[in-house]
Amino acid sequence: MIRYRELVRPVLLIQTGILALSTLEATVVAVSGVGSPVPVLLTAAALVFVGSAARTGRLSRLLIWTERLIVTTFFVDTVISLFTAGAVLEPMVWLSRLIVPFFVLRVARAERKARPGTADEPEYVEVAA
Amino acid sequence: MMQLERRGIDEYVISPMYTASDEHGLGLLLALMSLALSWYVLRQRSIGVRTSIGLLAATGAGHLGLALGHEPDARTGAFVAFGFWALYAARRWATTGTRMRGTVAGLVLSVLAYTGTLLSGEAPDQAGLIMKVLEIGALGLILGQGTETKTQRLRQSATVVSMTVVLGLAGWIGAFVGGGHTHELGETPGPGLALPRLEPTPPTAEERAAADRLFEETVANIARFDDVAVAAAEGYDVASMGRLGGHADNPAYTDDGRILDPTRPETLVYHPGPDGPVLLGAMYQTDESGEPGPMVGGSLTVWHGHDHVCFGLLPPGLGSLGSPLGTCPLGTVTVALTNEMIHVWTVDGAPSRFGDLDDEWLEENIGS
């Protein structure tokens, strides 16, 4: 059993809730006519990947790319913020957009290493039936 | 009034939803230290149990720390009671190896109590939100321990996901209800509105005269834009109005080094009326983020910025505002702080000349 594997499901469940809220927010803005549907679709897709991983315990390649996108956007936003507004310290931003995706990526990496024969999509052990 | 060269976001008052106040710093620090300490002390236990106990201890110590930053009252008493209860539950679990009865109920009640506070119109802050997310995390772990049946897994999923969503929704409600919208100095703004951190002072006679002059010159200069076609012919992007809440920018006037020039307002603001768009007024903007706008009329002419704007890239436009739970929708970048701006409302009968225009008045007098 990969270390920290036990924590993955609760973490992904929280991330599912966070992305569900984010999808709802983007939908409200798009429906009100001032926003675009693209963020709604992208966030909804991320919600599906994360929700599916929370349900099955399988850390798919799509999930990994979603987490990478979230972390990358966090760093881009942080750099933009530093140059335009100064440092912004928000614990929830660090948790949702850095710690959670980084944790999932770390476990996924450990799983890949533990099964060198199946580099990209190892056969995962289901957390439960 | 003294003008600064450039303002950082900490020189603005923004919604408490995006900040952790100084008096909550101790709570956050104690929570972090308790989590780390529990992890170290319980290193022989399984990861799940170790983390559950750590999160319980973190929220317990965090609540005690938050209580120290508050005046003694009923709520502070509740913080202290919950803090001691959570620490006791964590200690008992760590020493006996058995989870105390009522731990799940206690955590659920704590999250629901906070949600109720938000729904009653109190704006959330980052310390409160993260403490509740830690509790939801502890709940998820506890409900997941030894659960192998479908029903148990469903209960775990439904509890964690629904509580996270409800917490976020309550956060929005609290932030909007608890925040003001008048753009006046000294108020606690709603989400996305950044007001300069300045003391409100009564305007002097000179400032009143300057505010009157700005208003009259703006009225005289933009009257011809009642006709949208004229605005379009002079370079205002009226086609993008729908995406930008009735705001039509003129690219030639933005970033032109001329701020608060009534002959070149950066933006015109329209509202849909029964016979087409109605000109509400103009909006002046500074050239750069954090650049203070000239408050020629003192506290009558307060400039504002927007913070935590999730800006969509495909196509460019608003994606959302930063969520209480720290995210922006995917495909957007966070604009931490926009340029400063000020609206001048020139439409007949407008209840205010500067700042915010009342939505109810708009609906009653112009249309939806």
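Labels below follow one simple rule: chain letters A, B, ... track the order of the sequence lines, proteins then strands, and each chain is numbered from 1. As the structure is a prediction and not an experimental result, all values here were calculated from the model.
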Segment of [X] engaging chain B (4.5 angstrom heavy-atom cut-off):
X       : result
A:Leu95 : side chain
A:Ile14 : both
A:Thr73 : side chain
A:Ala46 : side chain

Who among [options] has the most heavy-atom pairs with chain A under 4.5 Å?
options                               : answer
B:Leu28, B:Thr332, B:Leu141, B:Thr338 : B:Leu141
B:Asp307, B:Leu337, B:Val160, B:Asp10 : B:Val160
B:Gly322, B:Ser157, B:Gly312          : B:Ser157
B:Leu167, B:Thr19, B:Ile130           : B:Ile130
B:Gly305, B:Gly140, B:Pro329          : B:Pro329

Is it true that a side-chain atom of [X] and a backbone atom of [Y] form a donor plus acceptor pair closer than 3.5 Å?
X        : Y        : value
A:Thr16  : B:Val161 : no
A:Thr43  : B:Leu330 : yes
B:Thr334 : A:Asp77  : no
B:Arg153 : A:Arg55  : yes

Rounded to the nearest 0.5 Å, what separates atom [atom1] in [X] from atom [atom2] in [Y]?
X        : Y        : atom1 : atom2 : result
B:Ser323 : A:Leu19  : OG    : CG    : 10.0 Å
B:Cys328 : A:Ile70  : SG    : CD1   : 12.0 Å
B:Met17  : A:Glu90  : CE    : CD    : 9.0 Å
B:Thr51  : A:Glu6   : OG1   : CD    : 7.5 Å
A:Leu24  : B:Trp172 : CG    : CH2   : 10.5 Å
B:Leu129 : A:Met92  : CG    : CE    : 6.5 Å

- Task: Let me know which of B:His24, B:Gln126, B:Met131 forms a side chain to side chain contact (heavy atoms under 4.5 Å, CB included) with A:Pro91.
- Result: B:Gln126

Look at atom [atom1] of [X] and say whether more than 12 heavy atoms of other residues, nucleotides or ligands are closer to it than 6.0 Å.
X        : atom1 : answer
B:Met33  : CE    : no
B:Arg197 : CZ    : yes
A:Arg68  : CZ    : yes

- Item | Contact summary for B:Gly326 and A:Arg97, nearest pair of heavy atoms | O-CD, 2.9 Å

- So which heavy atom on B:Thr327 is nearest to which on A:Ser96, and how close? CG2-CB, 3.8 Å

- Validation row: B:Thr164, A:Leu21 side chains within 4.5 angstrom (heavy atoms): no

- Item | Side-chain touch A:Glu25/B:Pro324, heavy atoms, less than 4.5 angstrom | yes

- Query: Is it the backbone or the side chain of B:Leu169 that comes under 4.5 Å from a heavy atom of chain A, or both, or neither?
  - Reply: both

